Number of protein chains: 2
Amino acid sequence: MSRSHTHVPGEVIEQACPLVEVLDHVAGKWSISILVAAARGPVRFTELERAIEGISRRMLTLNLRRLERDGLLTRTVYPTVPPKVEYSLTAMAQELYSYLTGLVEWAERHSGAIAHARAAYDTAAAPADPPRSQPERGRAQVPASSP
Amino acid sequence: MSRSHTHVPGEVIEQACPLVEVLDHVAGKWSISILVAAARGPVRFTELERAIEGISRRMLTLNLRRLERDGLLTRTVYPTVPPKVEYSLTAMAQELYSYLTGLVEWAERHSGAIAHARAAYDTAAAPADPPRSQPERGRAQVPASSP
DNA sequence: CTGGATCCTAAAGGATACTG
DNA sequence: CAGTATCCTTTAGGATCCAG
């Protein structure tokens, strides 16, 4: 995610709210997956690659570097002949992890509801042939207008 | 974020893990900001636009639609002459919000540490002129090799 | 006021080949 | 094994203009 929104030259507004901070670690398809995968102890590169299901070698490397840079992962390299590298969460990241599991748990509880909401929204918005023409995209509830 | 990782034609693996579910809502610069901004009650479009600081009209609309589609936001339109639309969190989203605040709180507590970690990483990796040439990018800790 | 439509740039991400 | 480097496609996102 690009820092700098429109980036007014001269006036640096960054670091204003901590929200942006979180987003930078949490956003992106892979960061969370990596943290979760690395949470159960030291994990090797290839283990992560296999555990994460769909991540490319490149993206894994990039995200690992970023997480290491931000102090969320420690990278330990053993100078053995086939090189061996292990990643672990820092204390800071373990704390973050506990919040993350809350998120995942939430997703598990509501994934059905979300899928249902999507289906409802989509069928309401794009029926192959609108039988009686409902121009309104969302079935927006219209309470009695007060003003 | 694109659904479909490599997308094996014929074998649809999607919806496998709930992690992907969360990521789709949490990832992206704006989703969290919008949920947080909308958490304190019904909020109008323009209020969100001003509250979020840096979001474009387009992105706000897009994200609102997505969140509505996923059942996280309800959109209520009042058919007044200058149209008025209010967005609120659904029950599901309010629950999510409580986890989100945990995340934000975490970010507040550790933003200093993160900034420090970044600075340390960057100075270790890219000094303008490496005085004695350290070829290793990260100062990787090297414990005694066991094998 | 609340968007939708369009155009364009930048960043994310994937595939693959190569290396210490 | 654990990456790097390169090339390429897709997506996110911004700017702007227009409309009910």
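For the numbers below, each heavy atom of this structure counts, side chains included, while hydrogens, waters and symmetry mates do not. Every value quoted in this text rests on a predicted model; they were computed, and no experiment measured them. We name chains A, B, ... by the order of the sequence lines, and we start the count at 1 in each one.
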Among the nucleotides C:dG13, D:dG13, D:dG3, whichever has the atom closest to the side chain of A:W30 is C:dG13

| field | Presence of B:Y87 side-chain N/O under 4.0 Å of C:dG3 phosphate oxygens OP1/OP2 | value | yes

The salt bridge (Lys or Arg N to Asp or Glu O under 4.0 Å) partners of A:R69 (sequence neighbours excluded) come to B:D122

Among the nucleotides D:dC7, C:dC1, C:dG3, whichever has the atom closest to the side chain of A:R58 is D:dC7

Looking only at C:dG14, D:dG13, D:dT4, the nucleotide nearest the A:R57 side chain is D:dT4

- Message: So A:D70 and B:Y121, do their side chains get closer than 4.5 Å, heavy atoms only?
- Response: no

Between CG of B:L60 and C1' of C:dG3 the distance, given in whole Å, is 10 Å

| request: Ignoring backbone atoms, test whether A:S56 places a side-chain nitrogen or oxygen under 4.0 Å from the OP1 or OP2 oxygen of C:dA15. | output: no

Closest to the side chain of A:R44, out of D:dC1, D:dG3, C:dG3, is D:dC1

In whole angstroms, the gap separating C1' of D:dT11 from NZ of A:K29 amounts to 10 Å

A:R75 atom CZ is separated from D:dA2 atom C1', nearest whole Å, by 8 Å

Looking only at D:dT4, C:dG13, D:dG14, the nucleotide nearest the A:T61 side chain is D:dT4

To the nearest angstrom, the CG-P distance between A:L62 and C:dA11 comes to 13 Å

In whole angstroms, the gap separating P of C:dA11 from CG of A:N63 amounts to 16 Å

Residue pair B:P83/A:E47 against DNA chain D: nearer the 5' end by closest nucleotide is A:E47

A:I34 CD1 to D:dG3 P, in whole Å, measures 12 Å

Residues passing the salt bridge (Lys or Arg N to Asp or Glu O under 4.0 Å) test with A:R58, sequence neighbours excluded, are none

- Side chains of B:S33 and B:E53: closer than 4.5 Å at any heavy-atom pair? no

A:I52 CD1 to C:dG14 C1', in whole Å, measures 15 Å

In whole angstroms, the gap separating C1' of D:dA5 from CZ of A:R65 amounts to 14 Å

Checklist line | B:W106 side-chain N/O to A:M92 backbone N/O, donor-acceptor pair under 3.5 Å | finding: yes

